[in-house]
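Take a look at the structure below.
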2 protein chains.
Amino acid sequence: MKLTANKIAGILREQGYKLTPQRHAVLKVMAATHDQLTPEAIYERARAARPDIGLVTVYRTLDLLAKLDLVCRIHAPDGCHGYMMRRPVDHHHHLVCSGCRTVVDFAECSLSELEEKVSRETSFDITGHLLELYGLCPECRTTAVD
Amino acid sequence: MKLTANKIAGILREQGYKLTPQRHAVLKVMAATHDQLTPEAIYERARAARPDIGLVTVYRTLDLLAKLDLVCRIHAPDGCHGYMMRRPVDHHHHLVCSGCRTVVDFAECSLSELEEKVSRETSFDITGHLLELYGLCPECRTTAVD
DNA sequence: GCGTAATTGAAAATAATTATCAATTATCTC
DNA sequence: GAGATAATTGATAATTATTTTCAATTACGC
Ligand SMILES: [Mn+2]
Ligand SMILES: [Mn+2]
Ligand SMILES: [Zn+2]
Ligand SMILES: [Zn+2]
């Protein structure tokens with residue numbers, strides 16, 4: 001059950017949020033690609049369908065979608081943020097290509113043991129984690145060798 | 001062998017970097033605390049010793065220290081960056097208290113297996129990772145309950 | 001002391017995000 | 001289908017974090 005623009009639209013309405021054409025434009029942009037996009041890039045694309053949309057509304061819509069766990073946020077090491085439609089519904093992490101920024105989701109998250117151990121050793125109450133892997137995808141690896 | 005301001009000063013000189021009073025002021029600030037500090041906060045403190053120092057120089061010095069692996073950079077989930085003197089010299093990660101921002105270093109990094117598995121499954125060449133744990137330290141946990 | 005390349009700080013530029021607020025509008029009610 | 005209303009929007013300005021530019025300064029080897 002992949003998330004589509006319409007499916008998300010239904011979820012928004014269910015949750016009591018208005019279904020505005022601006023929000024729908026953002027949803028269509030997000031559903032149309034598997035790439036991570038910056039708010040600015042999403043704004044550019046959404047303007048094709050709705051030239052009057054404001055960048056602020058894109059930010060607001062992304063915040064809303066993130067709050068509802070409908071989009072994933074990618075934390076590049078340099079601090080920029082990319083957004084993409086959430087693909088696996090359950091807990092997962094991201095492998096990001098340093099060349100082309102492609103994102104692969106992976107679910108293997110062997111952190112609960114680690115968290116328990118660290119929690120025991122530090123007496124911290126551990127509530128979450130941030131894990132991302134970086135590397136080169138097969139295509140970018142080839143290019144890099146050329 | 002803990003890193004002190006003077007030890008780092010020696011390393012800088014060894015590497016051919018000039019030992020300016022501005023850099024030394026930043027080093028002293030970093031050596032004087034175990035807290036993570038923003039560039040702005042480091043700037044404020046460094047001004048006590050050297051009122052004429054510029055914020056730009058703080059940024060430049062932090063970049064230099066990070067390049068030489070002498071400071072650690074903390075990536076808060078919201079995108080802000082904190083810096084602190086590097087304590088364990090070898091590879092490690094950070095557990096950050098969401099209450100008081102205290103950072104605990106931990107070395108257990110059970111990611112090589114995971115990386116190999118993901119690498120095999122995705123054909124990516126994995127070159128690095130970002131891992132941080134978040135939680136509440138014992139003191140902040142107590143406060144939260146009050 | 002001198003020469004020189006590295007370093008510095010003021011100022012402006014850039015980038016990413018957030019706040020303000022009056023005007024608009026999606027949706028509920030009749 | 002209108003009317004009420006609270007949510008939503010976009011222009012604009014404000015903030016925040018960082019980087020660039022460039023002329024003046026300075027640490028350090030000779
Ligand atoms: Mn994802
Ligand atoms: Mn550290
Ligand atoms: Zn790639
Ligand atoms: Zn704490």
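Chain identifiers are assigned alphabetically (A, B, ...) following the order of the sequence lines, protein sequences preceding nucleic acid strands; residue numbering begins at 1 within each chain.
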* Can you tell me which residue pairs pass the salt bridge (Lys or Arg N to Asp or Glu O under 4.0 Å) test with a partner in residues 17-32 of chain B, sequence neighbours excluded? => none
* Structure fact -> Nearest heavy-atom contact between B:Leu55 and B:Pro39 is CD1-O, 4.0 Å
* To do: Nearest-nucleotide wise, let me know which of B:Pro39 and B:Pro21 is further upstream toward the 5' end of DNA chain D.
  => B:Pro39
* If you draw a 6.0 Å radius around CD in B:Glu113, do more than 12 non-hydrogen atoms from other residues or ligands fall strictly inside? -> no
* **Spacing of CE belonging to B:Met85 relative to NE2 belonging to B:His34, to within rounding of 0.5 Å** => 8.5 Å
What is the distance, rounded to the nearest whole Å, between atom [atom1] of [X] and atom [atom2] of [N]?
| X | N | atom1 | atom2 | answer |
| --- | --- | --- | --- | --- |
| A:Asp63 | C:dA16 | CG | P | 16 Å |
| A:Leu62 | C:dT18 | CG | C1' | 14 Å |
| A:Ile42 | C:dA16 | CD1 | P | 13 Å |
| B:Ile74 | D:dA17 | CD1 | C1' | 18 Å |
| B:His24 | D:dA27 | NE2 | P | 13 Å |
| B:Glu40 | D:dT18 | CD | C1' | 11 Å |
| A:Leu37 | C:dA16 | CG | P | 14 Å |

* To do: Using the side-chain contact (heavy atoms from CB on, under 4.5 Å) rule, take A:Leu114 and B:Leu131 through it: C-alpha gap first, then chi angles, then the decisive distance, then the call.
  => CA-CA 11 Å; A:Leu114 173 69; B:Leu131 171 63; 4.0 Å; yes
* Through what angle, rounded to 10 degrees, does the axis of the helix from C:dG1-D:dC30 to C:dC30-D:dG1 turn between its ends, using five pairs per end? -> 40°
Enumerate, atom names and distances included, each donor-acceptor pair closer than 3.5 Å involving a side-chain atom of residues 100-109 of chain A, sequence neighbours excluded.
unit_1	atom_1	unit_2	atom_2	d
A:Asp105	OD1	A:His92	NE2	3.2
A:Asp105	OD1	A:His94	NE2	3.4
A:Asp105	OD2	A:Arg87	NE	2.7
A:Asp105	OD2	A:Arg87	NH2	2.7
A:Glu108	OE2	B:Lys117	NZ	3.4

* Asked: B:His129 vs B:His93 aromatic rings, parallel, tilted or perpendicular, using cut-offs 30° and 60°?
  -> tilted
* Phosphate OP1/OP2 of C:dG9: any B:Gln22 side-chain N/O under 4.0 Å -> yes
* Asked: Is there a side-chain polar atom (N or O) of A:Thr20 under 4.0 Å from OP1 or OP2 of D:dT9?
  -> yes
* When you measure from every atom of DNA chain C, which of residues 43-61 of chain B have a heavy atom less than 4.0 Å away? -> B:Asp52, B:Ile53, B:Gly54, B:Val56, B:Thr57, B:Arg60
* Selected nucleotide, minimal atom distance to B:Arg23 side chain, candidates C:dT8, D:dT19, D:dT9 -> C:dT8
* Any residue of residues 3-19 of chain B with a heavy atom less than 4.0 Å from an atom of DNA chain D -> B:Arg13, B:Lys18, B:Leu19
* Asked: Among the clusters formed by ILVMFWY side chains lying less than 4.5 Å apart, do A:Ile74 and B:Phe124 turn up in the same one?
  -> no
* Structure fact -> Across all chains, not counting sequence neighbours, the ring pair (Phe, Tyr, Trp, His ring centres under 6.0 Å) partners of A:His24 are none
* **Donor-acceptor pair, side chain of B:Ser98 and main chain of B:Leu136, under 3.5 angstrom** => no
* Decide side-chain contact (heavy atoms from CB on, under 4.5 Å) for A:Thr61 and A:Thr20; before the verdict, give the C-alpha distance in whole Å, the side-chain angles of both, and the deciding distance to 0.1 Å. => CA-CA 10 Å; A:Thr61 303; A:Thr20 65; over 6 Å; no
